[in-house]
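Lettering follows sequence order; numbering is per chain, from 1.
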Amino acid sequence: MADFHPRSDFLTVLSERGFLNQCSDLAGLDERARSGALAAYIGFDCTARSLHVGSLIQIMMLRWLQKTGGKPVALIGSGTTRVGDPSGKDESRKLLTEEEIAANKAGIGRTFAKFLRFGEAPTDAILSDNAEWLLGLNYIAFLREIGRHFSVNRMLTMDSVKLRLEREHELSFLEFNYMCLQAYDFVELHRRYGVTLQMGGSDQWGNIVMGIDLGRRMGTGQLYGLTSPLLATASGAKMGKTAQGAVWLDAEMFSVYDYWQYWRNAEDRDVGRFLKLFTELPLAEVARLEALRDTEINEAKKILATEATALLHGRAAAEEAAKTARRTFEEGALAETLPSVGITRQELAAGLGVLSAFVKAGLVGSTGDARRQIKGGGLKVNDELVTDERAILGESDLQGEIIKLSLGKKRHVLLKVEG
RNA sequence: GGGGGAGUGUCCCGAGCGGCAAAGGGGGCGGACUGUAAAUCCGCUGGCUAUGCCUUCGUAGGUUCGAGUCCUACCUCCCCCA
């Protein structure tokens with residue numbers, strides 16, 4: 001991969017910025033990308049109301065495709081979601097209702113709209129849904145028309161299957177069929193929109209190759225596959241997990257400020273890689289930033305945070321998050337734009353226990369949790385360490401209309417009097 | 001269908017003579033050190049109207065002063081045989 005020098009804009013960007021992990025035919029795809037608008041798709045599950053940072057690398061690939069003259073297709077897997085992905089955990093098999101699926105689909109669609117330009121023009125993005133063709137499938141017809149092209153012998157050699165068999169782990173028939181459905185998606189998207197490339201995370205490689213094979217047997221012409229590296233932080237943790245849970249891309253579920261903070265807290269060793277993947281800064285600028293050392297690299301982290309946040313939530317919101325962080329961390333001032341929780345004047349006049357105040361702010365999960373944090377010296381009210389768990393907050397604690405609650409050094413929530 | 005084994009703290013893995021809010025990891029959170037980083041060290045990691053009360057060991061019953069632990073049925077998963 002390192003010795004190949006792509007000539008198409010699309011592959012050049014992907015290659016330079018570290019999106020490339022594996023490709024079915026780099027030279028062929030490069031040619032294809034140069035010879036006209038390339039249509040490519042990536043599939044997304046709709047098991048939640050929002051996508052999280054784990055999907056961001058895929059979304060960025062679609063975005064670069066569009067910016068380099070291609071046509072992105074975002075496929076929502078609401079058909080496969082109805083079946084439920086059997087490879088997940090034992091408990092996650094609960095079936096989603098039609099309403100939940102529709103809501104999830106709408107939420108995810110909103111995120112795509114932030115990164116891609118949708119419309120009718122040749123390189124405008126398309127939002128598709130495999131429920132359109134999967135739900136109406138007839139079993140016998142599917143077996144005869146599609147199933148006959150799959151070789152079980154070959155399917156058994158796929159890594160995902162082979163691993164299971166070698167370790168003598170259960171592999172359900174449903175799961176075994178999953179790759180066939182995904183392969184069929186590829187063919188269907190080729191028919192509908194002329195899609196010739198499927199992208200995805202490296203775990204999708206086998207499924208993508210199946211699609212390419214199926215396409216050849218069903219007469220789509222040459223299809224291509226390309227995967228991005230599996231993303232983890234430099235110390236090996238999976239991307240996107242924080243104390244608050246997943247890092248959602250929907251501002252309702254994960255605030256803009258928290259999103260900015262997520263990137264600001266990147267490890268030193270990840271800064272360069274993340275700048276290339278999750279911002280659109282020129283590579284020369286990235287090179288300059290990632291060369292910074294010691295305290296200077298904090299500047300690079302702030303730029304990473306602001307640029308990444310701007311892509312998702314807009315420049316203005318990103319600048320505001322940056323400003324909030326600057327006031328909070330560097331000036332030690334009270335930034336009124338920190339995340340806040342409302343409180344009534346009556347509640348405050350009646351006296352609010354510190355424990356419940358922190359629970360209300362969502363900084364701790366329970367009063368017991370709050371007690372433990374106080375013992376460990378982790379809670380502050382208006383930057384004063386809380387030592388007495390029975391302390392009562394009243395109107396005398398107000399700074400203006402605000403009481404600042406902090407958990408540790410990084411997490412702050414404001415209680416704001418309203419009404 | 002027959003035989004064998006297993007489901008433990010609502011993040012995961014995993015010990016558990018009938019006295020158990022239940023060992024130990026990992027992860028996470030907090031503290032110290034730093035740079036809002038990493039590494040390292042320390043503390044915490046069921047709930048509550050809290051010197052007490054309530055809810056947890058697949059589900060439902062049963063034995064017992066007392067059950068994660070013993071018995072019965074059921075559910076789910078794994079292995080061997082057919």
Side-chain angles (χ1 to χ4, degrees), chain A residues 52 84 86-94 164-172 174-175 232-247 257-275 289-306 308-309 321-333 335 338-339 350-356 358-359 361-381 383 385-390 392 405-413:
Chain A
H52 52 81
S87 66
K89 301 275 150 56
D90 351 287
E91 48 93 21
S92 65
R93 270 201 195 155
K94 60 169 190 241
R164 292 287 197 85
L165 295 180
E166 278 171 2
R167 290 148 111 208
E168 301 195 321
H169 278 188
E170 167 76 3
L171 175 71
S172 74
L174 175 69
E175 201 169 357
T233 69
S235 32
K238 221 188 231 172
M239 285 277 296
K241 277 173 32 183
T242 68
Q244 300 108 87
V247 179
Y257 173 76
D258 285 332
Y259 191 74
W260 193 92
Q261 283 295 322
Y262 175 74
W263 294 109
R264 171 62 182 85
N265 283 304
E267 294 177 29
D268 288 8
R269 290 175 292 172
D270 286 327
V271 170
R273 197 159 54 104
F274 287 180
L275 280 168
L289 291 171
E290 73 177 326
L292 296 174
R293 283 294 167 265
D294 301 319
T295 63
E296 289 193 326
I297 200 163
N298 284 328
E299 292 310 311
K301 290 184 188 179
K302 288 178 209 164
I303 292 171
L304 166 65
T306 301
T309 305
K323 186 177 157 201
T324 301
R326 191 164 57 243
R327 296 199 53 161
T328 304
F329 288 97
E330 293 173 29
E331 299 165 16
L338 281 170
L352 181 62
V354 255
L355 300 178
S356 25
F358 275 91
V359 173
L363 286 170
V364 295
S366 66
T367 58
D369 193 7
R371 265 175 242 273
R372 280 180 227 118
Q373 290 298 164
I374 288 171
K375 268 193 206 114
L379 297 189
K380 288 183 190 149
V381 172
D383 299 316
L385 199 61
V386 178
T387 50
D388 179 9
E389 61 182 47
R390 277 169 303 192
I392 304 291
L405 304 183
S406 312
L407 166 64
K409 289 179 188 127
K410 296 188 192 175
R411 302 197 50 210
H412 312 279
V413 170

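- Within 4.0 Å of Ala266(A), counting heavy atoms only, lie sugar-phosphate atoms of the nucleic acid but no base atom.
- Glycosidic torsion of C42(B) falls outside 90° of 0, placing the base in anti.
- Of the candidates G35(B), A37(B), U34(B), the closest approach to any side-chain atom of Lys409(A) belongs to U34(B).
- Figure legend. A50(B) is base-paired to no nucleotide; pairs are counted as Watson-Crick or G-U wobble with both atom distances under 3.5 Å.
- Here Lys301(A) lies in heavy-atom contact (under 4.0 Å) with a base.
- Between the CD1 atom of Ile297(A) and the C1' atom of U36(B) there is a distance of 14 Å, rounded to whole Å.
- Nucleotides G68(B) and A22(B), compared at atom C1', are 8 Å apart to the nearest Å.
- Checked for salt-bridge contact, Lys380(A) and Asp383(A) miss the test: no charged N lies under 4.0 Å from a carboxylate O.
- For the pair Ala308(A) and Tyr259(A), the tightest heavy-atom approach, listed with the atom from each and the gap, is O-CE2, 3.9 Å.
- To the nearest angstrom, C1' of G47(B) lies 14 Å from CG of Leu355(A).
- Arg411(A) places its CZ atom 14 Å from the P atom of G28(B), with the value rounded to the nearest Å.
- Rounded to whole Å, the separation between the C1' atoms of A37(B) and C75(B) comes to 49 Å.
- Separating the P atom of C13(B) from that of C20(B) is a span of 26 Å, rounded to the nearest Å.
- Within the structure, every side-chain polar atom (N or O) of Lys375(A) is placed at least 4.0 Å from both OP1 and OP2 of U45(B).
- Within the model, atoms CG of Asp270(A) and CG of Asn265(A) stand 12.0 Å from one another, a figure rounded to the nearest 0.5 Å.
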For nucleotides 48-54 of chain B, list the nitrogen or oxygen atoms of the protein found under 3.5 Å from its nitrogen or oxygen atoms, one pair per line.
from   : atom 1 : to        : atom 2 : distance (Å)
C48(B) : OP1    : Thr367(A) : N      : 3.3
C48(B) : OP1    : Thr367(A) : OG1    : 3.4
C48(B) : OP2    : Thr367(A) : OG1    : 3.1
C48(B) : OP2    : Gly368(A) : N      : 3.1
A50(B) : N6     : Arg371(A) : NE     : 2.7
A50(B) : N6     : Arg371(A) : NH2    : 2.8
A50(B) : N1     : Arg371(A) : NE     : 3.1

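- Across all strands shown, C11(B) forms a Watson-Crick or G-U wobble pair, both distances under 3.5 Å, with G26(B).
- Closest heavy-atom contact between Asp388(A) and Val354(A): O-CG2, 3.8 Å.
- Here Arg264(A) lies in heavy-atom contact (under 4.0 Å) with a base.
- Protein atom CD of Glu267(A) is 6 Å distant from nucleotide atom P of A38(B), rounded to whole Å.
- Distance noted for atom P between C78(B) and U8(B): 15 Å (whole Å).
- Within 4.0 Å of Gln261(A), counting heavy atoms only, lies at least one base atom of the nucleic acid.
- Rounded to the nearest Å, the gap between the P atom of G58(B) and that of U10(B) is 13 Å.
- Here Arg264(A) pairs with nothing under the salt bridge (charged side-chain N to carboxylate O under 4.0 Å, His left out) rule; sequence neighbours left out.
- Pair assignment for U34(B): none, as no Watson-Crick or G-U wobble contacts are both less than 3.5 Å.
- Listed nucleotides A32(B), G35(B), G30(B) differ in distance to Leu407(A); the shortest reach to its side chain belongs to G30(B).
- Listed nucleotides: G31(B), G35(B), U36(B). Nearest to the side chain of Trp260(A): U36(B).
- Spacing of C1' atoms, G16(B) relative to A21(B), comes out at 14 Å, to the nearest Å.
- For the P atoms, the distance linking C65(B) with C57(B) amounts to 23 Å, nearest Å.
- Between the C1' atom of A37(B) and the CD atom of Glu296(A) lies a distance of 15 Å, rounded to the nearest Å.
- Taking a pair to require two hydrogen-bonding distances under 3.5 Å in either a Watson-Crick or a G-U wobble arrangement, C20(B) remains unpaired.
- For the residue pair Ala325(A) and Trp260(A), the shortest heavy atom distance occurs at CB-CZ3, 3.3 Å.
- Nearer the 5' end of RNA chain B, as judged by each residue's closest nucleotide, is the contact made by Gln373(A), out of Gln373(A) and Glu330(A).
- One atom, CD1 of Ile374(A), and another, C1' of G31(B), lie 15 Å apart when rounded to the nearest Å.
- Across every non-hydrogen atom of Ala266(A) and Lys301(A), the tightest pair is O-NZ, 2.9 Å.
- Pairing for C70(B) is with G62(B), a Watson-Crick or G-U wobble pair whose two hydrogen-bonding atom distances lie under 3.5 Å.
- Remark: the separation of the P atoms in G31(B) and A38(B) is 13 Å, to the nearest Å.
- Contacts of Lys410(A) classified as salt bridge (charged side-chain N to carboxylate O under 4.0 Å, His left out), with partners at least two apart in sequence or in another chain: none.
- Taking a pair to require two hydrogen-bonding distances under 3.5 Å in either a Watson-Crick or a G-U wobble arrangement, C57(B) remains unpaired.
- Nearer the 5' end of RNA chain B, as judged by each residue's closest nucleotide, is the contact made by Gly376(A), out of Asn298(A) and Gly376(A).
- Of all non-hydrogen atoms in Ala300(A) and Leu289(A), the two that sit nearest each other are CB-O, 3.6 Å.
- For Lys302(A) and U36(B), the NZ to C1' distance is 10 Å, given to the nearest whole Å.
- The two residues Ile297(A) and Leu292(A) have their closest heavy-atom pair at CD1-O, 3.6 Å.
- Put simply, CZ on Arg372(A) is 18 Å from P on G28(B), counting in whole angstrom units.
- Residue Leu379(A) is out of contact with every strand shown, counting any heavy-atom pair closer than 4.0 Å.
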